[in-house]
Trainee: 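I'd like to ask some things about the structure below.
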Amino acid sequence: MMERLPGWLRRHIAAIRAVAVLTLLLGGLYPLAVTGVAQAVFHDKANGSLVQRNGQDVGSALIGQSFTDEGGNAIRKYFQSRPSAAGEGYDPLSTSASNRGPEDVVDLPGRQSLLTRVCARSKAVGELEGVSGARPYCTADGVGAVLKVFPAVGAPTRVVSVNQACPATPFIAVYQGVRVECGKPNEDYSPGRTVAVRGNVSRVQVPADAVTASGSGLDPHISVAYAELQAPRVARERGLDLGTVKALIRGHTTGRALGVMGEPAVNVLELNLALDNGALDNGAFDQLAGKEG
Amino acid sequence: MGTTAAGIAFIASLIIALVLVHRPLGDYMHRVYTGTRHSAVERVIYRLIGVRPDAEQRWGGYARSVLAFSVISILVLYGLQRLQDKLLLSLGMRPVTADVAWNTAVSFVTNTNWQAYSGESTMGHLVQMAGLAVQNFVSAAVGMAVAVALVRGFARSRTDLLGNFWVTLVRGTIRVLLPFAFVGALVLVAGGVVQNLASPQEVTTLAGGVQHITGGPVASQEIIKELGTNGGGFYNANASHPFENPTSWTNWVEIFAILVIPFSLPRTFGRMVGQVRQGGAIVAVMAVLALASVALISFFELSASGTVPQAVGAALEGKEVRFGVANSATFAAATTLTSTGAVNSFHDSYTPLGGMMTTVNMMLGEVAPGGVGSGLYGMLVLAVITVFVAGLMVGRTPEYLGKRIGSREIKLASLYFLVTPILVLTGTAVAMGSPEQRASMGNGGAHGLSEVLYAFTSASNNNGSAFAGLTANTPWYDVALGLCMVLGRFLPMIFVLGLAGSLARQAPIPESTGTLPTHRPQFVGMVVGVTLILVALTFLPALALGPLAEGLS
């Protein structure tokens with residue numbers, strides 16, 4: 001009967017049947033077979049590598065968490081994760097990066113630039129850890145050190161430090177002989193030329209991962225440098241020996257796979273969990289730190 | 001070991017693995033596509049589909065079958081999304097809106113996998129598994145079926161017949177993609193990629209907050225997303241999500257999966273035309289372009305140029321600690337050199353010139369090594385254009401693999417090449433001409449143009465990655481980018497199949513002293529040159545206004 005139908009109709013009927021057959025095979029049998037084997041052989045991993053405290057699931061070893069209180073302030077006894085652009089922070093239902101470009105340096109009303117975010121985070125981390133939060137292209141008050149120069153071409157006649165809203169004192173008083181003004185948030189400075197000012201910060205103490213949002217917004221790791229920066233605070237808050245905390249960091253650091261893949265990384269949730277578990281029982285804690293270190 | 005040294009060793013290990021695997025895999029695919037026996041399973045499938053597997057098709061029939069299969073696929077995928085609340089495993093998700101459903105259906109059927117939606121909040125498990133993942137397989141198999149038809153055009157003579165589309169489709173799916181996907185999925189689960197059918201599980205975090213740990217059949221989709229150069233993430237964060245790409249070694253596996261079939265197909269081509277060294281020349285062109293691109297992206301990212309990366313001290317915004325800058329850059333190169341578009345880091349936040357390179361990779365037409373199948377046919381079209389240009393220079397009739405490149409052939413090749421630039425530049429111009437569409441830009445100034453240019457480049461070349469700051473989920477962008485994806489996929493395919501048809505009809509020309517040898521380094525260099533010149537002539541003005549302006553200011 002098929003043979004009597006016109007060619008185009010036969011072709012589309014074949015297509016419908018092909019989509020149906022392939023959907024059953026590739027959309028039904030295949031994923032269910034993978035699920036079956038995965039559940040049998042890699043049960044924990046297939047279900048999200050969940051970790052427990054006192055028998056309760058408290059998260060996944062692979063998914064980062066915020067260690068902040070309801071007001072968004074760092075809980076000082078915990079190692080802190082990276083900044084996150086996933087929802088309100090580390091929300092697996094809303095994974096995301098910031099998607100801000102490398103030259104996103106001018107704050108607009110209701111829209112903080114990436115540069116200012118970096119500067120503000122650096123300042124905050126510096127204050128939390130008791131080190132300098134200074135970085136290149138950042139003002140001392142933690143915003144992007146960016147000038148708008150008018151006219152856009154030629155000798156400047158007017159210069160505004162756009163990210164420092166009045167009545168702030170501009171980070172430099174004079175630029176090319178022109179007095180620098182503070183920014184008025186509702187004025188449109190877009191016609192001016194953008195000049196980011198590097199400044200002369202020689203030593204940056206807050207690591208790069210502490211001031212940038214990850215791709216997923218769920219990054220479970222921080223760099224070894226950021227963990228070591230936080231170690232004295234955590235040790236102090238918990239009344240622990242700094243050496244013990246550093247040993248614990250080493251125990252939760254994954255090196256490069258096969259020596260060449262990726263970067264060394266410290267799993268924040270597992271580290272904090274180990275600290276919490278150790279705090280319950282000091283003997284077990286020493287054992288754990290010794291074993292893993 | 002320092003970051004740069006480790007990054008180079010990482011790239012070297014990928015190259016070694018690809019060199020080792022491309023021959024056996026290329027030879028295997030040669031057997032798959034030239035074998036005359038049908039397995040028992042395949043015979044059952046042909047009976048269910050209702051096709052006679054031994055009846056071969058002319059180019060027109062082959063092309064119409066490609067289109068019929070794709071149209072039905074789009075309709076089914078659209079329907080699944082629109083009706084998902086009435087189906088199983090919806091996780092309580094609402095029906096997908098009409099414009100997003102259209103965009104997504106087109107996107108996955110055209111092997112683009114541009115995502116105007118966020119996976120974890122839009123798609124239930126059934127749509128992911130039985131809709132999107134299925135297209136991950138078959139859109140890749142369709143690409144290979146078109147490439148194989150073009151190769152048959154070169155390999156055959158004095159015939160109208162290019163094989164049977166349905167057989168080529170089914171074999172590519174069942175014998176190539178499915179077994180590797182099955183094994184690869186389990187490898188990923190072993191690394192921590194989830195594979196279950198659960199709803200999000202609510203947990204109380206250490207700090208006392210609430211977090212939902214998401215589930216899903218992720219590994220089975222993740223592997224074919226890479227292997228089939230698709231790129232559509234199960235989650236919004238794509239392969240930067242720890243449940244899609246949990247470790248630095250799964251990252252290696254995923255990059256390898258992206259590259260392995262496109263780099264092996266030239267070997268298949270060489271075997272099918274009976275001259276292995278011709279495949280060697282094609283793979284050499286791909287490798288030269290790919291290596292240059294990987295080196296440049298890695299250099300730009302590691303040098304952290306640009307104001308924010310300089311302030312940070314590293315181009316780490318949008319990148320994961322476990323991958324680091326170097327391996328993220330390698331992934332970005334692999335995903336844009338192919339038609340994949342998966343991301344393990346977010347290109348919008350790349351350094352100006354690093355981000356530009358991801359755009360340029362796509363502008364090359366995704367031929368180095370390109371998408372599964374589409375990379376091979378794209379590169380063969382460039383080879384045809386190269387012998388034509390060379391023929392003009394020495395005043396001889398151009399020929400390639402014993403086939404005359406006459407006016408019909410060069411017209412089809414030129415039309416093929418012109419499709420994507422027209423779509424990219426027209427689309428970008430129209431969007432930039434409208435204040436409403438400009439408002440979608442997530443960043444100001446030159447970077448905003450880069451976002452729009454990237455979107456149209458990505459859609460028209462069927463890549464699917466994004467400068468994701470652009471708010472592309474508006475009805476206008478959904479429809480416009482959807483049209484770019486359809487036209488950017490199927491017009492070239494029709495031209496390629498037309499070219500295959502006219503090549504297959506010809507009688508072979510015996511090689512003479514005037515024949516340009518197409519297996520020597522000289523020819524490799526010429527194809528590389530022609531590719532770069534064509535792309536530069538077409539896109540340099542647009543690049544100058546976007547990423548170049550940003551990077552050089």
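Predicted model only: the values in this text are computed from it and were never measured. In what follows, chains are A, B, ... by sequence order, proteins preceding strands, each numbered from 1.
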Trainee: Would you say A/Glu103 and B/His447 make side-chain contact, with heavy atoms under 4.5 Å?
Mentor: no
Trainee: Do A/Lys45 side-chain atoms and B/Ala190 backbone N/O form a donor-acceptor pair below 3.5 Å?
Mentor: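 A pair under 3.5 Å: yes.
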Trainee: Tabulate, in ascending numerical order, the residues of residues 315-323 of chain B having at least one heavy atom closer than 4.5 Å to a heavy atom of chain A, or enter 'none'.
Mentor: B/Leu316, B/Glu317, B/Gly318, B/Lys319, B/Glu320, B/Val321, B/Arg322, B/Phe323
Trainee: Heavy-atom pairs under 4.5 Å with chain A - which of B/Val71, B/Leu470, B/Leu186 has more of them than the others?
Mentor: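 Looking at each of B/Val71, B/Leu470, B/Leu186 in turn, B/Leu186 comes out on top.
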Trainee: What part of A/Tyr78 lies closer than 4.5 angstrom to a heavy atom of chain B: side chain, backbone, both or neither?
Mentor: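 Side chain of A/Tyr78 only, per the 4.5 Å heavy-atom cut-off to chain B.
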Trainee: Taking A/Asp91, A/Leu114, A/Val41 one by one, which has the highest count of heavy-atom pairs under 4.5 Å against chain B?
Mentor: A/Leu114
Trainee: With a 4.5 angstrom heavy-atom cut-off, could you sort out which part of B/Gln135 is near chain A: side chain, backbone, both or neither?
Mentor: neither
Trainee: Given the rule in the side-chain contact (heavy atoms from CB on, under 4.5 Å) test, do A/Arg100 and B/Val308 qualify, once you have shown the distances and angles that lead to the verdict?
Mentor: CA-CA 10 Å; A/Arg100 294 303 187 82; B/Val308 175; over 6 Å; no
Trainee: Would you say A/Glu263's side chain and B/Thr3's backbone share a donor-acceptor pair under 3.5 angstrom?
Mentor: no
Trainee: Let me confirm one number: the OG1-CZ distance from B/Thr205 to A/Phe67, rounded to the nearest 0.5 Å.
Mentor: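 Between B/Thr205 OG1 and A/Phe67 CZ, I get 7.0 Å after rounding to 0.5 Å.
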Trainee: With the side chain counted from C-beta on, respond yes when A/Val19 and B/Leu75 share a heavy-atom pair under 4.5 Å apart, and no when they do not.
Mentor: no
Trainee: For chain B, find which of A/Tyr226, A/Trp8, A/Tyr137, A/Tyr30 contributes the most heavy-atom pairs closer than 4.5 angstrom.
Mentor: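 Option with the top pair count is A/Tyr30.
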Trainee: Measure distances from B/Ile11 to the heavy atoms of chain A and classify the residue's part below 4.5 Å as side chain, backbone, both or neither.
Mentor: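 For B/Ile11, no heavy atom lies under 4.5 Å from chain A.
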Trainee: Any donor-acceptor pair under 3.5 Å linking the side chain of B/Asn443 with the backbone of A/Gly101?
Mentor: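 Yes, B/Asn443 side chain to A/Gly101 backbone: donor-acceptor pair under 3.5 Å.
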Trainee: Please list, in residue-number order, every residue in residues 208-215 of chain A that has a heavy atom less than 4.5 Å from any heavy atom of chain B; write 'none' if there are none.
Mentor: A/Ala208, A/Asp209, A/Val211, A/Thr212, A/Ala213, A/Ser214, A/Gly215
Trainee: What heavy-atom pair brings A/Leu115 and B/Ala311 nearest, and what distance separates the two atoms?
Mentor: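 Smallest interatomic distance, heavy atoms only, reads CD1-CB, 3.6 Å.
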Trainee: Assess the side chains of A/Gln56 and B/Thr204: does a donor N or O sit below 3.5 Å from an acceptor N or O?
Mentor: no
Trainee: Find the one option among A/Ala265, A/Ala15, A/Pro102, A/Pro136 whose heavy-atom pairs under 4.5 Å with chain B are most numerous.
Mentor: A/Pro102
Trainee: Answer yes or no: is there a donor N or O on one side and an acceptor on the other, between the side chain of B/Ser220 and the main chain of A/Pro31, under 3.5 Å?
Mentor: no
Trainee: Taking it one step at a time, do B/Asn251 and A/Met261 satisfy side-chain contact (heavy atoms from CB on, under 4.5 Å)?
Mentor: CA-CA 8 Å; B/Asn251 192 47; A/Met261 298 174 186; over 6 Å; no
Trainee: Heavy-atom distances under 4.5 Å only: say whether A/Ser66 touches chain B with side chain, backbone, both or neither.
Mentor: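 Contact with chain B involves the backbone of A/Ser66 alone.
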Trainee: Counting heavy-atom pairs closer than 4.5 Å to chain A, which one of B/Ala219, B/Gly215, B/Ser65 comes out on top?
Mentor: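 Most heavy-atom pairs within the cutoff with chain A belong to B/Ser65.
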Trainee: Strictly distance-based, threshold 3.5 Å: is any side-chain N or O of B/Gln195 a donor or acceptor partner for the main-chain N or O of A/Phe42?
Mentor: no
Trainee: Among A/Gly48, A/Ser49, A/Gly28, A/Gly217, which residue forms the greatest number of heavy-atom pairs with chain B at distances under 4.5 Å?
Mentor: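 Maximum pair count with chain B is reached by A/Gly48.
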Trainee: Find the one option among B/Trp249, B/Tyr235, B/Phe182 whose heavy-atom pairs under 4.5 Å with chain A are most numerous.
Mentor: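 Highest number of pairs under 4.5 Å: B/Phe182.
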Trainee: With a 4.5 angstrom heavy-atom cut-off, could you sort out which part of A/Ala33 is near chain B: side chain, backbone, both or neither?
Mentor: both
Trainee: If I measure from the heavy atoms of chain A, does B/Tyr350 come under 4.5 Å with its side chain, its backbone, both, or neither?
Mentor: backbone
Trainee: I'd like to know which of B/Leu48, B/Ile45, B/Thr214 tops the heavy-atom pair count under 4.5 Å against chain A.
Mentor: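 Heavy-atom pairs under 4.5 Å are most numerous for B/Leu48.
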Trainee: Got a second to check how far A/Asn99's CG is from B/Phe467's CZ, nearest 0.5 Å?
Mentor: 10.0 Å
Trainee: Relative to chain A, which of B/Ile224, B/Val218, B/Asn344, B/Val194 shows the most heavy atom pairs under 4.5 Å?
Mentor: B/Val194
Trainee: Looking at every non-hydrogen atom in both residues, tell me the closest pair between B/Gln201 and A/Asp57 and how far apart they are.
Mentor: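 Where B/Gln201 meets A/Asp57 most closely, the heavy atoms are NE2-OD2, 2.9 Å.
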Trainee: How many angstroms lie between atom OG1 of A/Thr95 and atom CD of B/Glu244, to the nearest 0.5 angstrom?
Mentor: 8.0 Å
Trainee: Side chain from CB out, backbone as N, CA, C, O: work out which of these in B/Val76 comes under 4.5 Å of a heavy atom of chain A, or both, or neither.
Mentor: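 Side chain only.
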Trainee: Please determine whether side-chain contact (heavy atoms from CB on, under 4.5 Å) holds for the pair A/Leu22 and B/Leu169, giving the CA-CA distance in whole Å, both sets of side-chain angles, and the decisive distance to 0.1 Å.
Mentor: CA-CA 10 Å; A/Leu22 291 170; B/Leu169 170 80; 4.1 Å; yes
Trainee: Taking A/Ser96's backbone N and O only, do any of them form a donor-acceptor pair with B/Asn236's side chain (distance below 3.5 Å, no angle check)?
Mentor: no
Trainee: Would you say the side chain of B/Ser118 lies within less than 4.5 Å of the side chain of A/Ser94, judging by non-hydrogen atoms?
Mentor: no
Trainee: Any luck finding a side-chain donor-acceptor pair between B/Asn196 and A/Gln39 under 3.5 Å?
Mentor: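 Distance-only check fails for B/Asn196 and A/Gln39.
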Trainee: Measuring heavy-atom distances to chain B, does A/Ala196 have an atom under 4.5 Å in its side chain, in its backbone, in both, or in neither?
Mentor: side chain
Trainee: Select one option (side chain, backbone, both, neither) describing which atoms of A/Arg121 are under 4.5 Å from chain B's heavy atoms.
Mentor: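 For A/Arg121, side-chain heavy atoms alone lie under 4.5 Å from chain B.
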Trainee: A/Ser113 versus chain B, heavy atoms under 4.5 Å apart: side chain, backbone, both or neither?
Mentor: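 Contact with chain B: none, neither part.
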Trainee: Which bit of A/Leu258 is near chain B, if near means a heavy-atom gap under 4.5 Å: side chain, backbone, both or neither?
Mentor: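 Contact with chain B involves no heavy atom of A/Leu258 at all.
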Trainee: Working to the nearest 0.5 Å, report the span between CG of A/Leu25 and OG1 of B/Thr173.
Mentor: 8.5 Å
Trainee: Using non-hydrogen atoms only, which part of B/Ala198 is less than 4.5 Å away from chain A: side chain, backbone, both, or neither?
Mentor: neither
Trainee: Side chain, backbone, both or neither: which part of B/Thr247 has an atom under 4.5 Å from a heavy atom of chain A?
Mentor: neither
Trainee: Less than 4.5 Å apart, any side-chain heavy atom of B/Gln211 and any of A/Pro92?
Mentor: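 With C-beta onward as the side chain, the pair touches.
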Trainee: Under 4.5 Å heavy-atom distance to chain A, tell me which part of B/Ala181 shows up: side chain, backbone, both or neither.
Mentor: both
Trainee: Looking at B/Thr330, B/Ile174, B/Leu178, B/Val51, which has the largest count of heavy-atom pairs under 4.5 Å with chain A?
Mentor: B/Leu178
Trainee: Given the options A/Val106, A/Val201, A/Val260, which has more heavy-atom pairs under 4.5 Å with chain B than any of the others?
Mentor: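 Top count of heavy-atom pairs under 4.5 Å with chain B: A/Val260.
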Trainee: Give the intermediate values and the outcome of side-chain contact (heavy atoms from CB on, under 4.5 Å) for residues A/Leu218 and B/His241.
Mentor: CA-CA 7 Å; A/Leu218 302 178; B/His241 194 301; 3.3 Å; yes
Trainee: Side chain, backbone, both or neither: which part of B/Ala468 has a non-hydrogen atom closer than 4.5 Å to chain A?
Mentor: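 The answer is both parts of B/Ala468.
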Trainee: So which residue, A/Val266, A/Leu108, A/Val206, A/Leu50, ends up with the most heavy-atom pairs under 4.5 Å with chain B?
Mentor: A/Leu50
Trainee: Which atoms of B/Pro352 come close to chain A, meaning under 4.5 Å heavy atom to heavy atom: side chain ones, backbone ones, both, or neither?
Mentor: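 Its backbone and side chain both get close to chain A.
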Trainee: Side chain, backbone, both or neither: which part of A/Pro264 has an atom under 4.5 Å from a heavy atom of chain B?
Mentor: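 Contact with chain B is through the backbone of A/Pro264 alone.
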Trainee: Can you tell me how far the CH2 atom of B/Trp166 sits from the CZ atom of A/Arg11, to the nearest 0.5 Å?
Mentor: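 CZ of A/Arg11 is found 9.0 Å from CH2 of B/Trp166.
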